Every structure is written in C-alpha cells, then in structure tokens.
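As structure tokens, the structure follows; a few thoughts come after it.
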Amino acid sequence: MDFTFAEDQVLLADAVRRFLVNEVSPELIRELWNRPGGRSQDLWKQLAEQGLTGLSVPTEHGGMGMGDVDWILLARECGYHGVPAPLLESSWVAAGLLAQLPPSELRGRTLEGIADGSLRVALGHAHSPLVADADQANLVLLERDGRLFAVPSSRIAMTAQASIDPSRRLFTVQWDCEPQYCIAEQAAGLMEQAFQRGALAASAQLLGLAQRMLDLAIDYSAQRKQFGKPIGINQALKHHLADVAVKLEFARPVVFRAAHAIANGAPECAVHVSHAKVAASEAALLAARNAMQVHGAMGYTWEMDLQIFMKMAWALDAAWGDRSLHLARVRAHVLAQDAALGPGCTFKEEQQ
Amino acid sequence: MDFTFAEDQVLLADAVRRFLVNEVSPELIRELWNRPGGRSQDLWKQLAEQGLTGLSVPTEHGGMGMGDVDWILLARECGYHGVPAPLLESSWVAAGLLAQLPPSELRGRTLEGIADGSLRVALGHAHSPLVADADQANLVLLERDGRLFAVPSSRIAMTAQASIDPSRRLFTVQWDCEPQYCIAEQAAGLMEQAFQRGALAASAQLLGLAQRMLDLAIDYSAQRKQFGKPIGINQALKHHLADVAVKLEFARPVVFRAAHAIANGAPECAVHVSHAKVAASEAALLAARNAMQVHGAMGYTWEMDLQIFMKMAWALDAAWGDRSLHLARVRAHVLAQDAALGPGCTFKEEQQ
Amino acid sequence: MDLRYTDAERAFRAEIREWLAKHVPARPLKSFDTEEGFAEHRAWERTLYSGRWSMVTWPRELGGRGCSLIEWLIFEEEYWRAGAPLRVNQNGVFLLGPTLMDVGTPEQQARFLPRIASGEDIWAQAWSEPNAGSDMAAIRCSARLDGDHYVVNGQKIWSTRAVWADCAFGLFRTDPQSSRHHGLSFLLTPLDTPGITVRPIRQLNGQTGFAEIFFDDVRIPVANRLGQDGAGWQVAMATAGFERGLMLRSPARFQETARALAALYHQQGCHDGALADDVARGWMDAEAYALSTYMTASRLQKGGHIGAESSTNKVFWSELDIRLHETAQRLAGPFAELTAGAPLALDHGRWLEGYMFAQSGPIYAGTNEIQRNIIAERMLGMPRA
Amino acid sequence: MDLRYTDAERAFRAEIREWLAKHVPARPLKSFDTEEGFAEHRAWERTLYSGRWSMVTWPRELGGRGCSLIEWLIFEEEYWRAGAPLRVNQNGVFLLGPTLMDVGTPEQQARFLPRIASGEDIWAQAWSEPNAGSDMAAIRCSARLDGDHYVVNGQKIWSTRAVWADCAFGLFRTDPQSSRHHGLSFLLTPLDTPGITVRPIRQLNGQTGFAEIFFDDVRIPVANRLGQDGAGWQVAMATAGFERGLMLRSPARFQETARALAALYHQQGCHDGALADDVARGWMDAEAYALSTYMTASRLQKGGHIGAESSTNKVFWSELDIRLHETAQRLAGPFAELTAGAPLALDHGRWLEGYMFAQSGPIYAGTNEIQRNIIAERMLGMPRA
C-alpha cells in the first residue's frame, strides 16, 4: 500500500508546469477566445514537442505508453493553466480508447498521428449530444446502435453550440451510418471506459481550476486594501478561502484514487470516478463562488483573470456527466442492499 | 391587506411575556426535569388564572373564544421561555378540536374543565405513535378506523418513551375500542386540522426557541473574554449569529401566515403549515448549532441554559411531523402540474 | 391581520394586468447593457409613463399614482407575471426620486422629477471609487467650490447604467480638510458636461453593465447639490436605505424565477429527489421573502420604520438568487454551459445569464460580509472590534 | 502509487480480525463517562494489552508491535468494524506516549510508558483553564519551584477522562514573570496527589465526561517535568499536533457511522431522495477522509511531515460527524427525540447520543474557527490582523 506518486511522475508534472507557466498565459487564452477557430497551431506543436500528445500512445506507435496515474497530475496542471486545446480529450481519452482496439492499420496510423501531433481525435458519448472540438478534429469517435465508428469530420454536419467557456468548442453532430467507418462491433464497454476517463480528466482539471481560483483570491486579498488594510485580514474572507482549502484537500485523494482505479480496472471503478467528479466539481464551484466574493466587484469584471477559470469550472461541472448523473451512480452503490461499506472496504477490490 | 397584529394581540403577548419571565425560569425547568411526574400543579394553576388555559374555549363555556392568530405570539413566548406544561397541546390543539364538535354534554363539560384548568386533554395523531402527556391528561383524543375517541387515561395502557427534552413526557398507548368513548364518526378532517394546529404550535415555539438561543449566544459573546477581549468581536462569531438572525427573520412571517391560513380555513392551509414547520425548525436548529459554537465548550455543559432550549428545539423538530413529512407536502404542491406559483399567487386563496 | 386584498387593491391589480397585457412587448427587449437595448428600454419607460405606470408610488401631481406600498407590491407582481422589461430607470425612480422628494428644494424637484418620471433622463449612480468600495467613507473625488460652481476632479467606478445614461448622482468631497464621512456633498450632474469621460467596464457576461467615470475640472452648479454642503453622507445613507430596504429587489422577481424553475424541472423530466427538494425550497424562500415584504410594507404603512432588517433582506434575496440559479444549472445537465446563442440553450439562455448576474448579488449595494457585520452589530448589538 | 495491500499487511489484518472476533465483548460496555463503564473500559484495555494490541504503533520493546501507519489504519478499520469499545486510554496511547518517546528521559520513559501500555495508568488532559481555552497561551496555573518539587496552584478545566483517571498531564506557568507561551512547563502528576480536587462537569447528555481540576499547593516532583523548564509550549504543540493530525479520529470511525447510516436508511424504509443523497454524501466524505489519511500516512512513511493539513482534518471530520448524525436524526423521523432508555429509540439511542457528542467536535482540540484561521494564515499565507 503506497498512496504517493513516483518521483518521475512528480518531476514530469513539474516540467509540464514550468512549460505551461511560460506558454499558456491568461493573455493567450483571451486572445484565442477572440480568434476565429479559437485554437493555436503553435501551442499544439509545442505540446507535441513536449511529448504530451503521445503520452498515452503505446511506444511502438511513437508514444510514451503512459497510463492514467501518470496523466492525473498533468491534467491538473492543464486545469490550473486553463490549457485552451483538446489535449486531454484527444491524447488521453480518445487515444486511450484507440489503444484498446485490436491492432489495425487505422489504429496504428491514428495513434501515430496523435503522438506526433498531426492528428486530433474527438469523441462523443452517450450522456450528452455535445461533441467538443468536432470541427477541427480529423476523426470523431461516435457510437450508434452499439457499434463504434471513427467518422472523418468531413462526413459530419455540425451545429455550433456556444459554451460559456469559449475555449470549449462544442457541436451537435449529424452523420450517416457508413459501415466503412465502423471500428468495433461492441462499443458499450469501450465507450463506458472512455466516458469514465473523460470524467476523470475533467475532475483533475477541476482540481487545478479550484487551486488556481484559490491562488488568485489569496493574491487579491493580500493586494487589495480597504479601510487602510489588506482585505485578507478579514476573518470572514479567511474563512471563505479556508473552506475552499478544506474542500480541495479532500477532493484531491478521491481523484487520485479514481485514476488508480481506472488504470487497474478496479471493479467499482465507475463509482470511484463518479465520486471524483462530484468532489472535484464541488470544490471548483465553491472556489469560484468564494473567490468571486473575495474579489468583490472586481471579480465581476472581464478584466480580472478569475472569470476565465470560473467559466471553465462551470463548463466542466456540466461536461462528462453532470452532478446528478454521478451522484446517482454513487447513490446506487451506497444504497445497494449488498453494498460493501464501512471500514476496511476502501481498497477492497484492489485486494483481490 | 394588513399583515400586522392588532394592538390587543401585541399587548396580550407582552403581558404573557412578563408573566413567564417571572414564573418560568430555567431553574424551574431544571427542577421539574428532576421531579417525578415532571409537572407543576402551581404553574398550571397560574396559567389558568391568567386565562391562558381557556383562550380557545368559546365564551359560553367560560373561555375567551380566541383564535389561531391570537395564539401565535403567545405560543412563541411559550417557546422562548420553554414552558414545561402541555398548555398548547391541551388548550389550543385539543380544545380547538373539541370546539369543532357539535354541542354535547361531554364537549361542554370538557371545554369548561379546560378553561378553568381542572382538565387536561392529550391527543395522538396519525404521523407518530408517541402521545405527549398521556399519563397526566384526563382524556386522550385518539383516532381508530376513521372514528374519533375521547378515552379516559385510566383506560389506556402506557409505555414511557423518554425524550431528550425531559419536559416532554411521551408515551406509546394501548387501548381497547370502547364505543361509549367515540365522539365523532368522521375523524379524518378533524384530526388533520388538529395535526396542522399542532404543527403550527410547534412552529411558533421553535421561533421562540430560536430567539432564546440567539439571545443567549449574544449575551455570552459579550461576557466571555479570550485574548483579552469579548469573543463577540470575532467576525466569524458575528456571522454565525447574523446567519441565525436572517433565518429567523424569514421564518417568522411564514409562521404568522400559516396561523392566518388555519384561522381562515384557507384551501392550501396544509402547505402553509408545512412551510412554517420546516422554516421554523431550520431556524431553531441553526440557532442551536451556532449558539453552541459561540458558547464553545461551555455550551456543551449541563450547567449552561443553552442545553435546555437546544434539546427542546431538537425534540420539536421531530414532533408534529418531521421535516421529511412537511417538505414532502410542500414539494407535492410546488411540483403539481397545475400548481399556481409565481408572483400574485401568495394570497391567492385569501382572495377568493 | 387580514390577508385579503381590499376591493380597491383588487381593482388596481385588474387595471395594471389589463394594461400590461396590451402593452408588454411581444418579444423580449435586448439587454439594456447594449446601446440598442438601452434605447429600447428608454422607449419602454416612455410607454409606461404614458399609462402613468412608471412610478406608481410617486404623488399624482408628479404623474404617479400615490400608491400604497401594498399596491406597489401588487404592481410588481403583475409586472413580473407579465414578463415586462427590466427597469432601466430604476436609479431615478426608486433611489434619486424619493431622495429628491425628501431633501430636494422645490426648484430641484420641479427640475428633475418630471424628467425622471417621463424617462427623459436616465440616471446613473456614482458612489464607489477605486479605493472606496465597501469603505465608502474613503471617497476622494474632490469638488472645490468656485463661485456658484463646484469644480470636480477624480474618478468613480461601478457606476451602473453610466455607459448610456444621461445624468449621474453621487458623493463628492467638498471639504478638502475633511475625512471619512464628514465633508461630503451629494451632487447631480449631466454626463455630457465637459470634462467627464465615461469608460465602460466589461463584465462577466461580456457586456458593459457599468462604467468608470473620470472627472477632469468638471463644473457642477451649486444648485445641483442635494441637501446641505457637507451633509452628503446623510443624504446618501437615506438613499442606500431605500435601495437595500424594500425596493431594490421586489419579491415578485424571485417568485417568477421560482415558478420558472418548477417549470424547468418538468420540462427536463427530472426525477432527482434532491433537486425536487431544491425546487421546493426555492419556492418556499421566494414566498418567505414575499411574506416578509408584505409584513414590512404593512408595518411601514402604519408608521413604522425600516431598520437593520434591510440588511437581512439584502443577504436573503442575494443568496436565494444564487441558489435558484444553481438549481437551474443542475437541472440543465449537460446544457448548463450553453450560452444564449446556442440552439440547445434552455429557455434562451436565461438561466446561465441569470446565474452570472446572481454572482454580483452578494457583492453590490454593500457586500454580504458588510451586511452581516451590520446585522450583528446594529441589530444584535454585538461588540465592535 | 500502489493501492494494494502487501501480503504482510493482509496477514496483519487477518490476525487482528481473528483476535477481535474472539475478544470483543458481546454486549456493549457502559459509557466510560460513568464509574462502572470506566472500570469496564479499563479492563478492556488490559485485554487489549494481553494480546499486544493496545498500542500497535509503539515499539516492540515497550509491548507494542512497531506497526507502520498503514498497519495502524488497518488496525483501526478492523477495530471499528468489529464494534470494539472506545479507547479510554486514548490520551496516554496517542498523545502522551508519543510525546514521552520524543522528549522524555530514559528514566521517564521507563517509569510511565509501560503503565500506559498496560492500561494501569489512565491519563487525563489538563490543558484548558477558565480563561485559557482557545487562547491557551493565557494559562495562569502556577508551578513554583521549591527544591526538587514544583508547588502548583490554580485551576484546569475541560479535562477529558479526569473524573476517574489516574494521572494528568498539562501545561503550567513555571516562570511567574513570563507571559503568553513563554515560561510554561509540561508537568505530569498522579491525580491522587494531596491538594488536587477533581470536580466533574456534567455535560449535554447528563454524564460527566470531563472535569475541573483544582490545585492547592500540590507538590509535583521536578522529575515529572517533560522537556526543559520553560519549554512546555513546544512540547505541548507537538502533542497537539499528534492529536489534531492523524490519530485523534481515525477514518474508520466515520466509515462505520456511514455504513450504519445506510443501514438505517433501509431499516426506516426511507424513499426520500434528498435523504438518499445525504446518505450517499456521508459515505463519500468518510471515504474521502480515509483516502486522505492513507495518502498522508504514505507520505509520512516516506519521511514527510504533517503540517497545517492537520487543521483541515479537524474541520473536515468534525463537520462530517455532525452531518452524518443530522441525516440520521432526519431518518429517525418522530423517533429522533427518543433517548437510549426509550423502547422505540432507534439502534439503542446511538444516533441521538452520537448527535450530542458530535456537537463538541467543532469545539474541542481547538475550535473550528481557530482551525480556519490557522488554515488561512499558515497554509494559505493570508495576512494576520
């Protein structure tokens, strides 16, 4: 039993953080929000150069062959910095799904493209009609009648559905079922796993977003003066942010554990992921609310960076299964008549 | 439209408050908690002398013939002072039910006894097997198979069920259906109204209890010093008590309005009463929690008066329909397909 | 206590309901935080005025109806029930108007009130400054007396409506030696006076709902001062009392939101028990706010005064508004993130827009932290630090 | 990261599970806040010791098992799973024991530790004073040096276990000129020393869970001082760190409550969706606390330190405990007010008793307001007033 990250995992996260601090500033995000298409080819190229696009791709296809636990700290950094690119969706979720398929020419070619940054893959799932980044992806993974399709985006009719987070480029899609694009006859298990991985990626980003908003609020409370003193001396504001810290402290291990559960195919994986999504969402939403309150009227302006991360948190709360969906999964687990609850059950499945 | 109390209603409440300040101290409550039987005949006599036992009894039977709106401020005072006597149950709820019956010798005799203080009447209702004060009541009003019975307590086998509030003397009852005690063939409407009146009485007491706990906490926060200053200067404690004040401020009119609804037989009366019970319960529970927190370790002692009123609040939260029951009634109203919601519906039924 | 409306109150309700049914625009107006929407709303104010509905509580001789507070509540209920436009003229009708009637000279009343009533002049607030937000007594904007004018220099911020409004009212430091809430005066000025620059502030939703106002040697006639020189704080506190007290957010607004929330619950085919409770609680709290307001209005009509409970109001409605919209966002599921422009946005994006606006509730008109301090210290008598 | 138990850890679990199955008393012991219950719990501590289970993390040479923190967590899980008695010896095993090992002299360790381990000496805390609660540096109880003894005068309060305990440890002011957290020393004393009077404090549930201790010229040998003269604050802070940190409330306690809560939901035939969510959330939060503790334990085993997160722990478990019991009270419906003695009380009154006890959680071991200050100032670096 060892619930710590390996040193190389921490070092990789540190390196990615340094990279993102330099390359993904709030200014870049604001610029991309105004740019048609909303994406930066340069940034994508840099992500590929860092090896991040190929993290999940097996080494034989030019990737790094890493897993969900390796990803989790990186995904948190992506949240913290608000990376305005579909890195997690394409290179973790979609690549993870493709890697599960039996070897084929398409699979190999696509994974190689993902790894070298030349290809992007989007993914739709059963719990929402919205597909992120469908327009600029080369392929969109979609399910119909229990079968899995990899449809070229050129074969899809799309309607833009604007998100409050302009970094998320959402579409509803219409497509004809063309048999040559079918890549698996049994989609259900693959799609469920991809959905869980997507929810996990969102959870990790929400952790990062919560931390970012907390940090912004701490900074603001130290700089902003009222009645001649920094507003941060007010106990009410201290307690607002202490509440966020507590919420975050107890969301973090839940998300880490969900990553381990997916990576190891734990039988109650779905419950762990749902728990993670709820906990991370609620930490981020509380961070948004309380950071807003600490910022006062300034927090309500476009000018302050807080609004960027607040909107990202609101959007990810809704994406990859909203709280009602995930709470229902946890509830079903806890209220099952034969539920294994109580002390000693936390790592039960990992024991087997 | 006039949502204020009449001057004589306010004056009566003031008089009752002065009486209770003198006659019902925390010391008396503690003494009665330790006394076998737990009741004071002296206090009951004084309540009768004040005319309070006969408030609901029609004037022709020696009472004051007052109504629910007259009672509500008095019931709040009873809560504030923790009156350790079944005044509201016997003289408001049971008397209110009896007054609805067609004239009869039993009805007249009983109402007169209630008015002059020589009789006490207890009441069981469908939502709980617990009957308060069944042992010392002369009669217990009980329903069986849709009929209403007034059973002498001597004909009832009782099992004591200790409440956390020792002022509440609870029993489960066993009794045989003896036709001579039947006082109404159609009990349902009467019992439902009595249940609502009981819930309203509990709501008013909870308002009083919330105010009492708030006052105790304010006093304590001014007297108790830490770090050389009264603890009440701490913003966190100020905000704890401000939260209670807000909750109470917006529970109060809801309770008053429910009294008006019962008094006038408003068609959606049950919803208003349920709203009142939930709002008053939650105000009192928040007051208990936050007053406890302001008192610190002292609040956890038997010695401080806070514990008395806290336990009374906990008990009344459970009594006369718990929050789940009352919330379910409100929910059913709000989520009915033809619900009249929105602006302009607040006093809709009163308009008709 | 009599919770039935009088015949006169019912007739009043029938009258406004009928008028609104005929006049409320069929399609919603654009947001008054846009230029076009502002013009639409100004036109709507004129329409309201044409029916003598623009300021029902004002005296008849000023074009109002001398309504009681209960009638005002009825008006608001019908107004929100009819889905009528938001009031771009709110600062003038509910804040400056009553203040003018209280402390304005007859000349000032004659000059300003009719143009407020008619919607000709739309007023902006000019209270806060960059370093005087919650601490409004820290105001530094100076107004130096020069003959029969004040010469104003400095900066105001968070001025609602200021982007397209005609005039502004606010506090200025007329005694340079003074500190805190002494030596301030309450001045009124057209925004097209030379030396005034208005810089819009872009807010959360991308629109410009408020602005900074820069004053550079702006000359404001002494005749535009409301109340005595140096007595501005007292005048402003009275105004803020109106604001926080009864009229800033009428209960009907939240009752309408609670109604729409129940409709959204059905529309989404929701069966989540916890969300059902949240919807029910939203309705309960909106009702509680309405009942509380009716109680306060009844009391005021009998000569009572509104005190620190205006702070409990502010805390209650602002946090209720957040809860209502949070529940809506949860009901929206995956569509919660879609903005008004998205074809799949629920109810044309009103919930997300409302959720964003609700964020400002616990902040403006005095943060809820300040309100809770006021409740604790002034209403509960707890000791100051 | 490897969230599987090692073979050794599984064997350890099997061993303690088997032992507990044989030894846990069939009927629950009486509360250790009663005289009879205290004696029963002391006997249980001896039974635990006989199996070398009374202080599993202590070194083997002291009668412990030298367990890792992960093994300690496993022990706690099995202990709570088995419904074994609460630990009357907690002050000695988890607070004084580790402190003695840290700063005690070899002689002190030999004198005190074995008697703690065996349950012969049950220890009480003597931290707070009537005017030194949250502000512990305000301690005034004096200990004047007189030869090889301190002469102690003053009063302590909120001393847990003190009613029937054998000894007490606490802070005393040994330098009369000193102020705040300087000049304090950490002293140990038997409670039957002449001049000590213990006055039980009756608590919410009517029992006497803590006491006041009055010192009247009480002679405590200098040899009973832990750490240097005047260094008591540092010693005490280390002790408080153990307390708040990891070992005061093991996650298993709350996981057991969450499990029982789900059982209560079924037992009551509840179909209330909001309560179902509350039950689910209780489980989630207990799990989160367990996961967080496993993470901290793993980190500590690799040489990490526990810092301000001990304050986040305290806030989290104490408020979780209240939520769990509030939910239980709601599930109990009309029976929520019944005490243990009532025939209809659910689960023999455990929920109401637990609800009362939970009230103390946000208060003892440093109020949650103080903990939130610590989190804001030390963990988040926010400015002090």
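These figures come from a predicted structure and were not determined experimentally. Every chain is numbered from 1 and lettered A, B, ... according to where its sequence line falls, protein lines coming before strand lines.
Using a 4.5 Å cut-off between heavy atoms, A/V69 touches chain D through its side chain atoms alone. Interface remark: D/R253 contributes no atoms to any contact with chain A (heavy atom separation under 4.5 Å). Contact of A/V271 with chain D is made through the side chain alone, with heavy-atom distances under 4.5 Å. Contacts between D/E256 and chain A at a heavy-atom distance below 4.5 Å involve backbone atoms as well as side-chain atoms. Both the backbone and the side chain of D/Y294 have a heavy atom closer than 4.5 Å to some heavy atom of chain A. Within the 4.5 angstrom heavy-atom criterion, no atom of A/H240 approaches chain D. Only the side chain of A/L214 comes within contact range of chain D, with heavy atoms under 4.5 Å apart. D/A276 touches chain A through backbone and side chain together, each having a heavy atom under 4.5 Å away. Of the two parts of A/A217, neither the backbone nor the side chain holds a non-hydrogen atom closer than 4.5 Å to a non-hydrogen atom of chain D. Looking at A/L327, only its side chain comes within 4.5 Å of chain D, counting heavy atoms on both sides. Using a 4.5 Å cut-off between heavy atoms, D/L380 contacts chain A through both its backbone and its side chain. Looking at D/W283, only its side chain comes within 4.5 Å of chain A, counting heavy atoms on both sides.
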task: Go through A/D2 and D/K302 one step at a time and tell me if the side-chain contact (heavy atoms from CB on, under 4.5 Å) criterion holds.
output: CA-CA 10 Å; A/D2 174 15; D/K302 290 192 166 178; 3.1 Å; yes
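In this structure, the side chains of D/L3 and A/M1 come closer than 4.5 Å at one or more pairs of heavy atoms. Put simply, the side chain of D/E369 reaches to within 4.5 Å of the side chain of A/H239, judged on heavy atoms.
Ranking A/A6, A/A242, A/A222, A/P253 against chain D, the residue ahead of the rest is A/P253, based on heavy-atom pairs under 4.5 Å. Of all the listed residues (D/Q301, D/E319, D/R281, D/R17), the one sharing the greatest number of non-hydrogen pairs under 4.5 Å with chain A is D/R281. Chain A forms the most heavy-atom pairs under 4.5 Å with one residue out of D/A376, D/G381, D/A280, D/S298, and that residue is D/S298. Considering only heavy-atom pairs separated by less than 4.5 Å from chain A, the leading option among D/A288, D/P251, D/S68, D/A263 is D/A288. Taking chain D as the reference chain and counting heavy-atom pairs below 4.5 Å, the highest number among A/V330, A/L335, A/V254 is found for A/L335. The residue among D/Y79, D/Y265, D/F254 with the most heavy atom pairs within less than 4.5 Å of chain A is D/Y265. Interface remark: of the candidates D/R81, D/E287, D/E76, D/E78, D/E287 forms the most heavy-atom pairs closer than 4.5 Å to chain A.
Between the A/K238 side chain and the D/P383 main chain, a donor and an acceptor come within less than 3.5 Å of each other. The backbone N or O of D/M284 lies less than 3.5 Å from a partner atom in the side chain of A/H275, making a donor-acceptor pair.
Here the straight-line distance linking atom CE of D/M379 with atom CD of A/E249 works out to 4.0 Å at 0.5 Å rounding.
When all heavy atoms are compared, the tightest approach of D/M382 to A/S221 is CE-OG, 3.5 Å.
When ring centroids are compared, A/F250 and D/F316 come within the 6.0 Å threshold.
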